[in-house]
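In what follows, a structure is listed as structure tokens, so that the remarks can point back to it.
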Amino acid sequence: MADLDRTRVPAAAPLAWEYAPAPESRDVVRFQERYGLFVGGELVDPRSAEWYSTIEPANEDHLADIALAGEEDVDLAVRAARDAFENGWSTLPGSERAKYVFRIARILLERSREFAVAESLNSGKPIKESRDVDVPIAAAHFFYYAGWADKLEYAFPNRRPQPLGVAGQIIPWNFPLLMLAWKIAPALACGNTVVLKPSHTTPLTALLFADACRQAGLPPGVVNIVTGDGRTGAAIVRHPDVDKIAFTGSTGVGKDIQRAIAGTGKRLTLELGGKAANIVFDDAALDQAVEGIVNGIFFNQGEVCCAGSRLLVQESVHEQLIAKLKRRMGTLRVGDPLDKNTDVGAINSREQLERIEELVESGREEGAEIFQPECVLPERGFWHAPTVFTNVAQSYRIAQEEIFGPVLSVLTFRTPEEAVEKANNTAYGLSAGVWTEKGARIFWMAERLRAGVVWGNTFNRFDPASPFGGYKESGFGREGGRHGLEAYLRFE
Ligand code: NDP
């Protein structure tokens with residue numbers, strides 16, 4: 001005992017509490033100098049002869065040249081998809097299709113570091129998110145839907161499910177690989193072929209995915225990736241030989257697409273914006289709720305359609321909760337997306353940063369009180385400090401419009417009825433969160449909240465088996481789970 005006591009020399013107190021930077025290596029991914037379009041199993045130069053540069057939002061450095069697909073390129077991609085659909089893919093037994101989808105899932109995991117680093121470089125999101133959320137959940141979707149491919153008759157008994165044909169899929173820049181997985185995995189499992197357009201700011205993981213398709217031996221033309229901007233997306237929407245459009249993005253573009261395909265018989269699913277209420281009752285575990293609030297609005301810099309961007313706090317705990325939240329915000333690390341200790345990365349584009357800044361300015365002008373923790377933002381690239389607004393009225397733009405950035409608006413309530421009324425006072429209806437120790441209250445709230453997903457004592461949880469989608473201006477149709485299959489099937 002005495003010996004042990006003698007060896008207990010007190011450790012020297014650290015001089016600083018800084019974490020080691022430990023950046024993930026850029027060497028795990030090598031981008032080509034330029035990427036053509038992935039059509040019929042090959043990367044081909046665009047007929048449009050147009051190219052653009054994709055950059056790293058964290059420092060505005062050039063990453064690669066990317067093809068900008070025109071109308072003729074989209075037409076070639078749709079033809080390749082139709083060919084693949086008619087000459088083998090749609091009649092392949094489900095158990096055979098499953099093998100390809102399963103193989104893709106395996107490859108995503110085997111190459112997960114490369115995908116995670118590429119995603120963080122091109123989108124600006126922290127590596128701990130791309131590594132622990134985007135890539136594993138993307139792979140999980142392929143695993144999950146591989147399991148359904150030979151069981152469609154059991155999923156829909158007596159309804160004779162059939163694939164739709166060629167699916168045109170248009171995805172945004174906030175979760176480039178994950179949104180690709182949400183769209184491609186169920187489409188392939190159901191026997192469709194696809195033409196997918198990533199956002200022009202984040203094409204790189206979709207192009208790495210094209211390589212994964214080749215590696216999996218996927219028949220040419222089953223997956224086609226056409227890079228480009230909004231015009232490329234519009235050409236997919238207009239193409240007469242596309243049977244279904246699946247879109248994730250802004251409500252404005254969603255409405256344009258709905259108008260464009262009205263009367264054509266094309267099927268449509270829309271996953272649009274949100275302005276979720278994260279509701280904290282006075283009996284909630286407040287420290288746990290603070291973590292949920294931080295995750296709800298600062299995960300992926302708040303560039304999340306289901307972000308908990310409106311915090312509704314019961315009046316009796318408002319002061320206490322906001323003090324805790326401000327303290328917690330002071331510990332958030334903003335900076336290099338490739339540093340594994342970073343909590344808040346770069347905003348995806350200059351355009352998005354300007355949109356966020358404009359809305360923050362409107363919040364100040366309308367009279368809300370702003371708080372930002374002290375943090376030094378990098379000089380190059382697109383950055384925004386974590387921000388919380390208190391004294392927010394329901395009519396303020398920051399309480400109504402989707403900011404899509406690390407900006408939280410706080411409102412208060414007294415009764416559960418008032419919380420429901422305020423939470424539902426929005427044009428959107430994608431998600432909500434409820435924090436309380438009473439399970440019965442969570443169910444009571446969930447029944448009344450007009451939101452596609454309601455989380456209880458947690459936030460931003462995603463599972464391939466669970467359907468996701470909105471009400472009202474957040475769109476229609478569900479992705480994920482058995483519901484997600486229905487969007488890619490017709491019934492005889
Ligand atoms: P968009 O809706 O413009 O972009 C989504 C996708 O649609 C992108 O691939 C885009 O291409 C494409 N697209 C753009 N115009 C058309 C068109 N006319 N026809 C077909 N496809 C088109 O979103 P933004 O990038 O402009 O973001 C604006 C706002 O939208 C954000 O601030 C946020 O509020 C919301 N948003 C919501 C998302 C969600 O997950 N629900 C995701 C992204 C944005 P390209 O990017 O190449 O222009």
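In listed order, ligands and their atoms are each counted from 1. What you are looking at is a predicted structure, and each value in this text was computed from that prediction instead of being measured.
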Evaluate [X] for polar contact with ligand 1, using N/O atom pairs at a separation under 3.5 Å.
X      : value
Asp256 : no
Glu402 : yes
Val237 : no
Leu272 : yes

Go through ligand 1 atom by atom and flag the ones less than 4.0 Å from a non-hydrogen atom of [X].
X      : value
Trp173 : 24 (P), 25 (O), 27 (O)
Thr248 : 5 (C), 40 (O)
Gly273 : 41 (N)
Ile171 : 6 (C), 8 (C), 9 (O)
Ala234 : 19 (N), 20 (C)

Any side-chain heavy-atom pair of Ile225 and Pro198 under 4.5 Å = yes

With a 3.5 Å cut-off and no angle check, do the side chains of Glu303 and Asn300 form a donor-acceptor pair?
-> no

So, Ser120 versus Ser130: side-chain donor-acceptor pair below 3.5 Å or not?
-> yes

Return the option from [options] holding the heavy atom at the smallest distance from [atom].
atom                    : options                : value
atom 39 (C) of ligand 1 : Cys305, Pro176, Gly274 : Cys305
atom 21 (N) of ligand 1 : Pro172, Gly233, Gly168 : Gly233
atom 31 (C) of ligand 1 : Lys197, Arg355, Arg231 : Arg355

Would you mind checking if [Y] and [X] are paired as a salt bridge, meaning a charged N to carboxylate O distance below 4.0 Å?
X      : Y      : value
Asp343 : Lys128 : yes
Glu351 : Arg355 : yes
Arg82  : Asp243 : yes
Glu486 : Arg478 : no
Arg231 : Glu71  : no

Ring-face cation of Lys422 near Phe413 (centre distance under 6.0 Å, axis angle within 45°) | no

Side-chain donor-acceptor pairs under 3.5 Å in residues 131-142, sequence neighbours left out?
unit_1, atom_1, unit_2, atom_2, d
Asp134, OD2, Lys125, NZ, 2.6
His141, ND1, Ile137, O, 3.1
His141, NE2, Trp182, NE1, 3.4

Among protein heavy atoms, which lies nearest atom 2 (O) of ligand 1, and at what distance?
-> Ser250 OG, 2.6 Å

For ligand 1, is Gly228 a contact, meaning one of its heavy atoms is under 4.0 Å away?
-> yes

Hey, is atom 13 (N) of ligand 1 touched by any protein heavy atom at less than 4.0 Å?
-> yes

Does Phe247 approach ligand 1 within less than 4.0 angstrom via side chain, backbone, both or neither, non-hydrogen atoms only?
-> side chain

Relative to ligand 1, is Gln352 under 4.0 angstrom through side chain, backbone, both or neither, heavy atoms considered?
-> side chain

